[in-house]
K.L.:
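One structure follows; several queries about it will come next.
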Amino acid sequence: MCGIVGYVGPQQAAPVLVEGLTRLEYRGYDSAGIAVLNPRSTAHPSRVVRAKGRVRDLEAALPARLAGTVGIGHTRWATHGEPSERNAHPHTSYDGRVHVVHNGIIDNFHALRSRLTADGIELTSDTDTEVVAHLVARELAGGLAFEDAVRAAVAQIDGTYALAVTDVQNPDRVVVARNGSPLLLGVGDGEMFVASDAAAIVRHTSQVVLLDDGDFASVTADGFRTFTADEEQTARAAVTIDLTVEELELGGHAHFMHKEIHEQPESVERMLSGRLDDRFGTAKLDGLNLDPRELRRFSRVKILGCGSAYYVGQLGASMIEDLARVPADAEPASEFRYRNPIIEPSTLYVVVSQSGETADTLFAVREVQRKGGTVVGLVNAVGSSIAREVDGGIYLHAGPEVAVASTKALTHMGVGFALLALALGRVRDLSFADGKRIIAGLRAIPGQIAQILGDEEDLAGAAKELSEAPSLFFIGRVRGYPVAREGAQKFKEITYRHAEAYPTSELKHGPLALISPELPTVAIMPADDLLERNITAAQEIRARGGAVVAITHPGVELGDAATRRIEVPRNEVELDPILLTIPTQLLGYHAAVALGEDVDRPRNLAKSVTVE
Ligand code: AGP
């Protein structure tokens with residue numbers, strides 16, 4: 001998962017590319033590079049500048065003058081070859097003619113590298129991508145036109161890719177290809193853009209052409225031509241995207257993660273508007289493309305996602321079982337996809353994804369559809385691959401999420417599952433009164449999140465203490481367990497502390513052995529029918545000298561079971577986990593700040609995992 005950008009037009013390309021890469025950095029940030037074509041210079045018809053590290057390191061490496069109005073750029077998340085200048089993109093062909101940037105994985109790169117080496121071509125990097133540059137150059141040397149050379153080269157590679165290619169002998173264009181990794185074109189006034197994501201070009205245009213798998217495009221300043229492996233010309237129309245530059249700015253916050261945590265009251269309000277049906281005590285989810293009869297026919301719900309999306313999926317499963325009394329469970333998408341799953345027509349498959357581009361989840365969608373199943377999506381990114389491929393869905397409307405550690409999108413996923421559970425329940429035996437109860441609970445969530453955010457200072461204090469521990473536990477029971485899993489995930493992702501989540505009941509079957517004064521525990525202890533059990537477990541930890549930070553409700557008597565308590569306002573028992581998760585976001589955030597870590601760009605990770 002990398003970020004790709006390209007430009008053809010009257011402006012100097014370098015600043016446009018660098019700005020675009022900066023906005024795409026959440027997709028990978030271990031090295032970066034650009035190639036700029038300048039047909040006026042015989043000495044340097046093209047210049048390539050690459051650097052290890054962040055886009056700002058690339059910027060620092062740029063020469064004062066880098067002339068040229070056509071170029072491509074890349075910010076990397078290494079898959080093949082360690083992060084370094086020599087493995088950074090763009091890669092250049094043996095004859096210096098072709099430059100390539102790539103997002104994806106070329107599965108047959110070993111064979112291609114051996115073939116090229118056998119033919120005497122010296123390979124200068126450890127990457128899979130470099131082979132593409134050489135293959136295109138060979139096709140050009142064989143006399144093919146630029147577009148045909150790219151098409152012929154692509155025909156030799158297996159795998160996933162979003163590619164952008166330049167040729168110094170065709171200095172007025174960029175040729176791109178997509179298969180499995182996101183890519184779009186930006187239509188400007190007398191200029192064109194290429195990008196992995198609209199965020200890179202939104203300052204210049206809101207007109208984008210979303211490319212599909214198998215698409216190629218040739219882009220010049222005054223337009224584009226799309227084609228495929230077999231067709232010379234295909235029709236691809238531009239759509240208008242609803243994204244502003246302001247949404248991609250920090251807006252006075254120290255980090256995007258902090259900004260996104262604080263956007264939640266407003267963004268959840270926005271997500272709920274028009275979706276609560278007071279007359280029938282249910283949810284209005286027209287985007288699902290499932291009428292009540294179809295909703296009723298499902299006798300099981302299977303939720304699929306990755307990472308934090310999978311953890312919220314577990315929460316969604318318990319909401320669906322609670323409110324609709326339909327058996328439901330969640331599974332990591334990649335595990336599901338590769339275990340040759342039995343797809344049942346009476347099961348509703350639900351994928352959940354912030355980016356809508358997570359490869360494992362996208363392939364799970366295709367696996368369900370390949371076997372004739374029905375799959376809907378809870379997706380945040382509008383126009384993303386998953387959103388376009390599922391049979392129906394619920395857009396999360398959380399707005400752009402830039403920080404790698406997901407916060408508001410996860411809260412919106414929780415709310416999305418509550419809406420889905422309500423709709424499934426109300427076409428079954430969930431009463432009107434219960435429907436109204438859940439609707440009132442959902443309406444209370446934005447205000448209650450604001451209340452929790454009001455205690456940020458206190459939470460920051462607890463986070464500072466926790467940040468001093470080399471490792472910690474998060475525990476919770478039943479509905480509290482997914483909250484614990486997400487809490488541990490957030491802590492791990494951005495503090496690099498080893499945080500482990502357990503069902504509270506599992507402690508005494510092993511993990512309790514690790515409890516000591518050096519290992520604190522964050523315990524999810526809502527005022528529900530399991531409170532007594534949770535208090536006993538916390539006392540067992542206390543008895544062994546372990547500290548317990550309890551996330552609980554006002555009025556809950558914990559006695560000596562906790563060394564510190566964090567209170568969240570009560571809501572309906574089915575919805576409480578959505579609120580109980582908010583403090584874990586701030587604990588992770590403030591612990592990372594206390595440790596001086598790069599909160600928005602945690603090491604080794606990326607926001608959208610577009611490779612398997
Ligand atoms: C969450 O903070 C992580 N960034 C990660 O676990 C993420 O949830 C996972 O990669 C799934 O991403 P998606 O929601 O975009 O599909």
Side-chain angles (χ1 to χ4, degrees), residues 1 3 25-29 77 181-182 196-197 199 255-258 260-261 264 303-316 330-337 350-365 375 377-390 393-414 416-417 474 482-483 485-496 499 501 581-582 584-589 591-592 597-612:
M1 50 254 167
E25 229 183 10
Y26 64 78
R27 305 177 63 87
Y29 34 87
W77 188 90
S181 300
S196 300
D197 180 310
H255 301 97
F256 281 104
M257 184 176 178
H258 192 262
E260 287 151 10
I261 289 173
Q264 296 180 100
I303 299 169
L304 305 165
C306 300
S308 294
Y310 156 56
Y311 300 144
V312 177
Q314 279 192 300
L315 179 58
E331 186 175 345
S334 180
E335 292 297 296
F336 169 85
R337 179 210 170 193
V350 182
V351 295
V352 54
S353 175
Q354 186 291 121
S355 62
E357 300 292 353
T358 301
D360 291 331
T361 308
L362 181 57
F363 288 126
V365 169
V375 53
L378 268 64
V379 179
N380 191 41
V382 176
S384 58
S385 308
I386 292 174
R388 285 188 281 149
E389 296 196 22
V390 289
I394 301 173
Y395 267 131
L396 299 176
H397 297 308
E401 191 175 65
V402 177
V404 169
S406 185
T407 52
K408 63 175 181 175
L410 299 177
T411 301
H412 281 240
M413 290 173 188
F417 279 119
F474 283 74
V483 178
R485 299 192 83 175
E486 177 47 22
Q489 168 94 331
K490 267 304 89 51
F491 218 87
K492 270 187 284 237
E493 274 189 284
I494 54 178
T495 71
Y496 317 142
T581 307
I582 306 293
T584 70
Q585 298 171 349
L586 286 167
L587 288 177
Y589 173 75
E597 299 299 356
D598 189 341
V599 172
D600 286 338
R601 301 277 175 274
R603 71 184 185 209
N604 304 342
L605 296 180
K607 181 71 183 167
S608 167
V609 185
T610 54
V611 292
E612 284 191 79

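First listed ligand is number 1; within each ligand, the first listed atom is number 1.
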K.L.:
Do L315 and F417 have side chains that get closer than 4.5 Å, going by heavy atoms?
P.N.:
no

K.L.:
Give the protein residues with at least one non-hydrogen atom closer than 4.0 Å to an atom of ligand 1, ordered by chain and number.
P.N.:
C306, G307, S308, A309, S353, Q354, S355, T358, V404, A405, S406, M413, Q489, K490, E493, V609

K.L.:
Does any non-hydrogen side-chain atom of L410 lie less than 4.5 Å from one of E486?
P.N.:
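Sidechains of L410 and E486: in contact.
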
K.L.:
The criterion is salt bridge (Lys or Arg N to Asp or Glu O under 4.0 Å); which residues satisfy it with R388, sequence neighbours excluded?
P.N.:
D212

K.L.:
Please name all residues satisfying ring-ring contact (aromatic ring centres under 6.0 Å, His included) with Y311, sequence neighbours left out, ordered by chain then number.
P.N.:
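Once residues adjacent in sequence are excluded, Y311 has no partner under the ring-ring contact (aromatic ring centres under 6.0 Å, His included) criterion.
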
K.L.:
Of all residues at least two apart in sequence or in a different chain, which pass the side chain to side chain contact (heavy atoms under 4.5 Å, CB included) check with A398?
P.N.:
N380, K408, H412

K.L.:
Taking the inter-plane angle between the rings of F474 and F491 on a 0 to 90° scale, is it parallel (under 30°), tilted (30 to 60°) or perpendicular (over 60°)?
P.N.:
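Tilted, since the angle between the ring planes falls between 30° and 60°.
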
